[in-house]
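Single-structure report; data block below.
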Amino acid sequence: MEMENGSRDGPTSIMHLPEDCLYFIFHRLGSGADRESFGLTCHRWLHIQNSSRQALQFQCSFTQLSISSLSQPSTNINSSHIHRLLNRFQHLHWLSLSGCTEIPDAGLTQLQSYGSKLHTLCLDCCFRITDNGLSLAASGCSSLTVISLYRCNVTDIGLATLAKSCLALKDVNLSYCSFISDRGIRVLSVNCVMLRAVRISNCRNICGVGFEGCSQSLTYLEADSCQLEPEGILRIVGGGGLDYLSVCNLSWHILGDGFRAIGAGYASKLRILNFRLCRTLSDESIVAIAKGCPLLQEWNLALCHEIRESGWESIGLNCHNLERLHVNRCRNLCDRGLQAIRDGCKRLSILYITRCRRISHLSLELFKLSRRNVEIREEEIMCIAPDGAQQ
């Protein structure tokens with residue numbers, strides 16, 4: 001294609017456009033097909049396409065960023081594929097190898113050369129990645145802010161190497177990493193002072209004490225089905241910055257008043273609290289939390305069977321900012337407890353309630369008549385994570 005330039009030099013080809021113009025044109029292309037066609041034009045345009053690529057993932061990935069970031073559809077991704085792609089796309093900010101179950105540690109070797117600009121690395125279900133592979137990634141990706149190691153076979157040793165190499169980490173997913181203990185969490189907390197979100201669900205070797213001294217920047221924690229202990233809960237909330245806390249299914253691990261530390265003043269910024277399936281949660285803990293967490297907007301108490309009248313009354317009296325309350329299948333929620341919620345909780349907009357056998361039909365109808373602005377939902381859902389917490 002040639003264009004008249006109106007000068008004595010004659011027609012000018014689009015191939016002669018400066019690179020900044022070509023980059024501008026490339027970034028204005030709306031579809032992945034158009035961008036691929038752009039790169040097929042010539043080697044120079046292919047280089048522009050390659051250097052503009054900032055995200056890469058595969059069809060087997062669990063969390064697709066966008067269609068344009070997808071690479072080849074095969075799920076049989078091996079080290080040579082990773083080598084070629086990282087050699088081609090040397091300016092990636094976001095890389096997901098999630099679901100690439102056969103990639104060995106050696107498959108991450110190229111990150112030492114081409115990972116310096118990476119901000120996000122997802123290795124979910126990369127079952128063959130061990131501490132050695134994590135060390136390779138850590139040494140080459142010092143700018144990482146987000147890493148997901150869901151179901152990876154890494155230990156405290158690998159986590160320590162990561163924490164000491166990637167000091168800018170803000171979001172770390174260690175869910176189902178069964179070899180991680182409080183020792184690794186301790187190193188992470190001490191070195192990564194900008195930590196914002198940590199996920200340790202189903203890490204059965206973590207009791208929570210590793211969070212001692214954690215930064216106030218830690219605002220989001222998922223610790224479902226962990227072996228948390230009362231002292232661990234105290235360390236978790238000790239930073240004072242938590243906004244979201246999910247500790248589902250701890251009924252057999254923390255007895256009695258183990259949760260009272262949440263209401264002791266350290267978690268006064270909490271807005272979302274998920275206690276689903278915490279069957280031994282006591283009235284004493286509920287009273288302490290209702291008084292000590294005045295900003296609570298959502299509280300999931302589904303299947304918390306030991307909450308009785310005094311606990312529900314405290315919620316009604318103290319939770320002035322509560323907007324969403326989950327009480328599904330609470331065996332000891334009775335008519336007087338529902339009345340306390342009805343008469344208090346003035347900002348309540350959604351009540352998740354079903355199969356509460358001690359609630360009479362009349363009591364529920366009175367609630368609906370008195371609080372017409374409250375939506376009654378019979379579904380069971382988890383708490384909604386705040387914006388920015390999801391990877």
Task: D243/R271 ion pair, N-O < 4.0 Å - done: yes

Task: Pairwise distance CG(N249) to OG(S225) - rounded to 0.5 angstrom - done: 4.0 Å

TODO: Scan R377, H326, E298 and name whichever one has a side chain to side chain donor-acceptor pair (under 3.5 Å) with Y352.
DONE: R377

Open item on the list: Checking the side chain of S143 only, and the main-chain atoms of S116 only, is there a donor and an acceptor separated by less than 3.5 Å?
Closed with: yes

Open item on the list: Within the 4.5 Å heavy-atom criterion, are L97 and F58 side-chain neighbours or not?
Closed with: yes

- [ ] Could you grab the distance from atom CD of Q297 to atom SG of C319, nearest 0.5 Å is fine?
- [x] 11.5 Å

Task: Step-by-step side-chain contact (heavy atoms from CB on, under 4.5 Å) determination, L281 to L301 - done: CA-CA 9 Å; L281 181 65; L301 296 170; 3.9 Å; yes

- [ ] Could you tell me whether R336 and E309 have a side-chain N and a carboxylate O separated by less than 4.0 Å?
- [x] yes

- [ ] With sequence neighbours left out, write down each residue that passes side chain to side chain contact (heavy atoms under 4.5 Å, CB included) with Y244, or none if nothing qualifies.
- [x] Y220, E222, S246, I272, C383, A385, P386

Task: Path from L338 to I376 over hydrophobic side-chain contacts below 4.5 Å - done: yes

TODO: Without swapping roles, check the side chain of R128 against the backbone of E102 for a donor-acceptor pair under 3.5 Å.
DONE: yes

- [ ] Could you walk me through whether R199 and D224 pass the salt bridge (Lys or Arg N to Asp or Glu O under 4.0 Å) test, one step at a time?
- [x] CA-CA 9 Å; R199 297 164 178 82; D224 304 335; over 6 Å; no

Task: E365 atom CD, over 12 foreign heavy atoms within 6.0 Å - done: yes

Open item on the list: Walk me through whether K117 and H91 qualify under side chain to side chain donor-acceptor pair (under 3.5 Å).
Closed with: CA-CA 6 Å; K117 296 184 179 180; H91 301 278; 2.7 Å; yes

Open item on the list: As a test of understanding, state which of L118, L121, T120 forms a side-chain contact (heavy atoms from CB on, under 4.5 Å) with W94.
Closed with: T120

- [ ] Determine the minimum heavy-atom distance between S268 and P294, stating which atoms define it.
- [x] O-CD, 4.0 Å

- [ ] Report yes or no: do L111 and L123 belong to one cluster of Ile/Leu/Val/Met/Phe/Trp/Tyr joined by side chain heavy-atom distances under 4.5 Å?
- [x] yes

TODO: Evaluate the salt bridge (Lys or Arg N to Asp or Glu O under 4.0 Å) criterion for residues R308 and D283: first the C-alpha distance (whole Å), next the side-chain angles of each, then the deciding distance (0.1 Å), finally the verdict.
DONE: CA-CA 6 Å; R308 301 175 189 272; D283 282 340; 5.4 Å; no

Open item on the list: Apply the hydrophobic cluster definition, ILVMFWY joined by side-chain contacts under 4.5 Å directly or through others, and give me every member besides L366.
Closed with: L362

- [ ] Kindly say whether V193 contributes a backbone atom to a donor-acceptor pair with the side chain of S217 at under 3.5 angstrom?
- [x] yes

Open item on the list: Could you measure the distance from the CG atom of N173 to the CG atom of D124? Nearest 0.5 Å is fine.
Closed with: 6.0 Å

- [ ] Verify side-chain contact (heavy atoms from CB on, under 4.5 Å) between I206 and I185, making sure each step is shown before the conclusion.
- [x] CA-CA 8 Å; I206 295 177; I185 295 298; 3.7 Å; yes

TODO: Step by step, work out the side chain to side chain donor-acceptor pair (under 3.5 Å) result for S139 and Q112.
DONE: CA-CA 6 Å; S139 63; Q112 292 184 301; 3.1 Å; yes

- [ ] Could you walk me through whether N202 and S175 pass side chain to side chain donor-acceptor pair (under 3.5 Å), step by step?
- [x] CA-CA 6 Å; N202 288 278; S175 297; over 6 Å; no

Open item on the list: For V287 versus S310, what's the shortest heavy-atom pair and its separation?
Closed with: CG2-O, 4.1 Å

TODO: With sequence neighbours excluded, give me every salt bridge (charged side-chain N to carboxylate O under 4.0 Å, His left out) pair touching residues 172-190.
DONE: D156-R183

- [ ] Write down the atom of C203, the atom of L174, and the distance for their closest heavy-atom approach.
- [x] SG-O, 3.0 Å

Open item on the list: On the six-membered ring of Y176, is R151 placed so that its NZ or CZ lies under 6.0 angstrom from the centre and within 45° of the ring axis?
Closed with: yes

Task: Hydrophobic cluster membership, L92 vs I129, 4.5 Å side-chain cutoff - done: yes

Open item on the list: Quick one: does any side-chain atom of S165 pair with a main-chain N or O of T161 as donor and acceptor, under 3.5 Å?
Closed with: yes

Open item on the list: When you compare the side chain of C226 with that of I200, does any pair of heavy atoms fall below 4.5 Å?
Closed with: yes

Task: Heavy-atom donor-acceptor pair, N87 side chain to H83 backbone, under 3.5 Å - done: no

TODO: For this output row, return yes or no: ring centroids of F89 and Y114 closer than 6.0 angstrom.
DONE: no

Open item on the list: Please check: side-chain N/O of N205 versus main-chain N/O of S178, any donor-acceptor pairing under 3.5 Å?
Closed with: yes

TODO: Among Ile, Leu, Val, Met, Phe, Trp and Tyr joined by side-chain contacts under 4.5 Å, find the other residues sharing a cluster with L167 and list them by chain and number.
DONE: none

Open item on the list: Side-chain heavy atoms nearer than 4.5 Å, only ILVMFWY residues, links allowed to pass through others: does that put L195 and V187 together?
Closed with: no

Open item on the list: Determine whether I147 and L169 satisfy the following criterion, side-chain contact (heavy atoms from CB on, under 4.5 Å), listing intermediate values before the conclusion.
Closed with: CA-CA 8 Å; I147 189 166; L169 279 173; 4.0 Å; yes

Open item on the list: Determine whether a donor-acceptor pair (N or O, by modelled atom type, separation under 3.5 Å) exists between the side chain of N300 and the backbone of F275.
Closed with: no

- [ ] Over all heavy atoms of both residues, which pair between G210 and S189 is shortest? Give the atoms and the distance, please.
- [x] O-OG, 3.6 Å

Task: Heavy-atom neighbours of R331 CZ exceed 12 at 6.0 Å - done: no

Open item on the list: Please give me the minimum heavy-atom distance between G337 and W312, naming the atom from each residue.
Closed with: CA-CB, 3.7 Å

TODO: Determine, stepwise, if the pair L95 / L86 fulfils side-chain contact (heavy atoms from CB on, under 4.5 Å).
DONE: CA-CA 10 Å; L95 173 63; L86 292 181; 4.2 Å; yes

TODO: Treating Ile, Leu, Val, Met, Phe, Trp and Tyr as nodes and any side-chain heavy-atom pair under 4.5 angstrom as an edge, say whether I286 and L234 lie in one connected cluster.
DONE: yes

- [ ] Give a yes or no on whether the backbone of V247 and the side-chain of N274 come within a donor-acceptor separation of less than 3.5 Å.
- [x] no

Task: Distance, nearest 0.5 Å, that separates CD1 of I307 from CD of E313 - done: 13.0 Å

Open item on the list: For S363, is there any backbone N or O sitting under 3.5 Å from a side-chain donor or acceptor partner on S360?
Closed with: yes

Task: Partners passing side chain to side chain contact (heavy atoms under 4.5 Å, CB included) against R329 (at least two apart in sequence or in another chain) - done: R276, L303, R355, E380

TODO: Report the distance from atom CD of Q227 to atom CG of L250, rounding to the nearest 0.5 Å.
DONE: 9.0 Å

Task: Residue list, side-chain hydrogen bond (donor to acceptor under 3.5 Å, both in side chains) with T130, at least two apart or on another chain - done: D105

- [ ] For residues L270 and L295, determine if any side-chain heavy atom of one lies less than 4.5 Å from a side-chain heavy atom of the other.
- [x] no

- [ ] Mind checking the CD1-CG spacing from I341 to L317? Nearest 0.5 Å is all I need.
- [x] 11.5 Å

- [ ] Could you tell me whether the side chain of R235 and the main chain of F211 form a donor-acceptor pair under 3.5 Å?
- [x] no

- [ ] Of all the heavy-atom pairs spanning E378 and T354, show the shortest one and how long it is.
- [x] O-CG2, 3.3 Å

